[in-house]
Q: 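Just dropping this structure here.
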Amino acid sequence: MKVTDHIAKSEGKTLFSFEILPPLKGQDIKSIFDNIDPLMDYKPPFIDVTYHREEYTFKELDNGLLKKQVVKKRPGTVGICAAIQNKYQVDAIPHILCGGFTKEDTENFLIDLDFLGIDNVVALRGDAVKSETYFKAEKDGHRYASELVSQIQDLNNGKYLDEELQNSSKTDFCIGVAGYPEKHMEAPSLDSDIHFLKKKIKAGAEYIVTQMFFDNQKYFEFVEKCRSEGITVPIIPGLKPIATRKQLNLIPHRFKVDLPDDLIMAVVRCKDNKAVRQVGIEWCTQQSKELVAAGVPILHYYSMGRSSNINAIAKEVF
Ligand SMILES: Cc1cc2nc3c(=O)[nH]c(=O)nc-3n(C[C@H](O)[C@H](O)[C@H](O)COP(=O)(O)OP(=O)(O)OC[C@H]3O[C@@H](n4cnc5c(N)ncnc54)[C@H](O)[C@@H]3O)c2cc1C
């Protein structure tokens, strides 16, 4: 079922959903199920599965030269989606990227998803590969998520890359895209970022999931700005509980989001990570309760492969 239909069916009640990462190559799928199992008590209508593009590593050879190797550390997005739908009978939502995909790869990926009975996709540009500073599209790929949304929407209209295909069938994907309450790190301003967000909606996206934020006011202001720019689709807040002291530096660096001073000081006062985890749970629970009171359609949690803190929050909120 489509995310938009789940929202319509909920009749104003806030739903619970979460995102998982495929395990590192070599690990089995049991770790994924172990994380999902306890969260099924809160009846998620869907579970997102992230996509991880290839990375480059450089291996030193005997002659001192460096050999470039291309590795995918977390493959398995599509397989995990199929396994989730099969085991739990909930919708699995794969993320799909511009990065590392040609248009032909994208089309074939979408055909697989369609055949698997997947009804939703989240369309993203992806980041630059780790060893590079700027994002580079494939030679015959997409530069921005809006272009990827257009290709998915073309397929929804039965338009394939080979326009001579006869009797081609239409897909029917509901498309989600990313939004950034504190602007995307490369955007010169929030206004320009929202301008391009609107382009993704015009191209066919039907809902937005936000980057994590730790101050609800940022989300409320973002939604207000989007609405005043004519963006009417649901804007699903994305939340992540802080779990370690190291994340105080890591999260602002990696995601370019601010942490409120009260949260920072509460973490600084903690003796160990067990205490930090508790602070993170309490902070995120308060954020969640306020967002539910404000009537958000869904609370979407970034589990980062650890579900016990999400479980503790959901117990208080749902
Ligand atoms: C909910 C969510 C889920 C995510 N899941 C994943 C995942 O599974 N895997 C992964 O690798 N990454 C994931 N990411 C990270 C995401 O790939 C990065 O944040 C990436 O840098 C931007 O992706 P985007 O889709 O927002 O890009 P875009 O919407 O293409 O925007 C990228 C930048 O370009 C600007 N821009 C857009 N269009 C134009 C234009 N036409 N001209 C000029 N500038 C333009 C925007 O303002 C922005 O600064 C996720 C992020 C979020 C918020």
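We use all heavy atoms of the structure for the numbers below, so side chains are in, but hydrogens, waters and symmetry mates are not. Residue indices begin at 1 and follow the sequence shown.
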Q: Please check if any side-chain donor atom of Asn311 sits under 3.5 Å from a side-chain acceptor atom of Ser308, or the reverse.
A: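 On atom types as modelled, these side chains do not qualify, holding no pair under 3.5 Å.
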Q: Please test Lys9 against Asp5 for salt bridge (charged side-chain N to carboxylate O under 4.0 Å, His left out), starting from the C-alpha separation and ending with a verdict.
A: CA-CA 6 Å; Lys9 215 179 113 197; Asp5 292 334; over 6 Å; no
Q: So which heavy atom on Lys72 is nearest to which on Pro75, and how close?
A: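 Shortest heavy-atom separation between Lys72 and Pro75 comes out as O-CD, 3.6 Å.
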Q: Taking Phe222 as the starting point, is it possible to reach Phe255 by hopping between hydrophobic residues whose side chains are less than 4.5 Å apart?
A: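 Same cluster: Phe255 reaches Phe222 through Ile, Leu, Val, Met, Phe, Trp or Tyr contacts under 4.5 Å.
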Q: Report yes or no: do Val71 and Tyr56 belong to one cluster of Ile/Leu/Val/Met/Phe/Trp/Tyr joined by side chain heavy-atom distances under 4.5 Å?
A: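 Hydrophobic grouping puts Val71 apart from Tyr56.
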Q: Using atom types as modelled and distance alone, determine if a side-chain donor or acceptor of Gln151 lies under 3.5 Å from a backbone N or O of Lys103.
A: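 Present.
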Q: For the aromatic rings, using the six-membered ring if either is Trp, is the centroid distance between Tyr51 and Phe109 under 6.0 Å?
A: yes
Q: Using ring centroids (six-membered ring only for Trp), state whether Tyr42 and Phe318 fall under 6.0 Å.
A: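 Between Phe318 and Tyr42, the centre distance exceeds or equals 6.0 Å.
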Q: Might you point out which heavy atoms bring Asn120 and Val3 nearest each other, and give the distance in Å?
A: OD1-N, 2.8 Å
Q: From Ile298 CD1 over to Ser10 OG, what is the distance, rounded to the nearest 0.5 angstrom?
A: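 Result: 7.5 Å between the selected atoms.
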Q: Cation-pi between Lys218 and Phe213: NZ/CZ under 6.0 Å from ring centre and within 45° of the ring axis?
A: no
Q: Hey, is NZ on Lys289 packed in by over 12 heavy atoms from elsewhere, all under 6.0 Å?
A: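 Yes - once you tally the heavy atoms of other residues, nucleotides and ligands closer than 6.0 Å, there are more than 12.
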Q: Starting at CG of Leu97, measure out to CG of Leu124 and round the result to the nearest 0.5 Å.
A: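 It is 6.0 Å, given to the nearest 0.5 Å.
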Q: Between Lys183 and Asp191, does a salt bridge (charged side-chain N to carboxylate O under 4.0 Å, His left out) hold up when you go through it step by step?
A: CA-CA 8 Å; Lys183 91 173 181 66; Asp191 285 349; over 6 Å; no
Q: Kindly give the heavy-atom pair with the smallest separation between Leu21 and Ile32, and that separation in Å.
A: O-CD1, 3.2 Å
Q: Between Gln286 and Glu282, do the side chains contain an N or O donor and an N or O acceptor separated by less than 3.5 Å?
A: no
Q: Does NZ or CZ of Lys87 lie under 6.0 Å from the centre of the six-membered ring of Phe33, at an angle within 45° of the ring axis?
A: yes
Q: Taking the six-membered ring of Phe135, is the NZ or CZ of Arg125 close enough (under 6.0 Å from the centre) and on axis enough (within 45°)?
A: yes
Q: Test your reading of the model: is there a side-chain donor-acceptor pair from Gln85 to the backbone of Cys81, 3.5 Å cut-off?
A: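 Looks like no, no N/O pair under 3.5 Å.
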Q: Whether the His6 and Thr4 side chains hold a donor-acceptor pair (N or O, under 3.5 Å, no angle test) is what I'd like checked.
A: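 The criterion, which ignores hydrogens and geometry beyond distance, is not satisfied for Thr4 and His6.
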Q: Sub-3.5 Å donor-acceptor pair from the side chain of Ser168 to the main-chain atoms of Gly158, do we have one?
A: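 Yes; at least one donor-acceptor contact below 3.5 Å.
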Q: Are the side chain of Thr210 and the backbone of Pro237 linked by a donor-acceptor contact shorter than 3.5 Å?
A: no
Q: Determine whether more than 12 heavy atoms belonging to other residues, nucleotides or ligands lie under 6.0 Å from atom CG of Asn167.
A: no
Q: Report, one line per pair, each donor and acceptor closer than 3.5 Å where one atom sits in a side chain of residues 171-178; sequence neighbours left out.
A:
residue: Thr171; atom: OG1; partner: Leu155; partner atom: O; Å: 3.3
residue: Thr171; atom: OG1; partner: Asn156; partner atom: N; Å: 3.2
residue: Thr171; atom: OG1; partner: Asn156; partner atom: OD1; Å: 2.7
residue: Asp172; atom: OD1; partner: Lys2; partner atom: NZ; Å: 2.8

Q: If you compare all heavy atoms of Thr244 against all heavy atoms of Asn273, which two are closest, and at what distance to 0.1 Å?
A: CA-OD1, 3.4 Å
Q: What heavy-atom pair brings Ile281 and Ala312 nearest, and what distance separates the two atoms?
A: CD1-CB, 3.9 Å
Q: Is the distance between the ring centroids of Phe18 and Phe16 under 6.0 Å?
A: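 Under 6.0 Å, so yes.
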Q: Minimum heavy-atom separation for Arg53 and Lys136, please, with both atom names.
A: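 That would be NH1-O, 4.5 Å.
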Q: Tell me if a side-chain donor or acceptor on Asp272 pairs with a main-chain N or O of Ala275 at a distance below 3.5 Å.
A: yes
Q: Under 3.5 Å, is there a donor-acceptor pair linking the side chains of Ser17 and His300?
A: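 Short answer, yes.
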Q: Pairing donors with acceptors under 3.5 angstrom, does anything connect the side chains of Asp154 and Tyr160?
A: no
Q: Can you see whether Tyr301 engages Ser307 through a side-chain donor-acceptor pair at a distance of less than 3.5 angstrom?
A: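 The criterion, which ignores hydrogens and geometry beyond distance, is not satisfied for Ser307 and Tyr301.
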Q: Taking Trp283 for its side chain and Leu263 for its backbone only, find out whether a donor-acceptor pair lies under 3.5 Å.
A: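 Side chain of Trp283 to backbone of Leu263: no pair is present.
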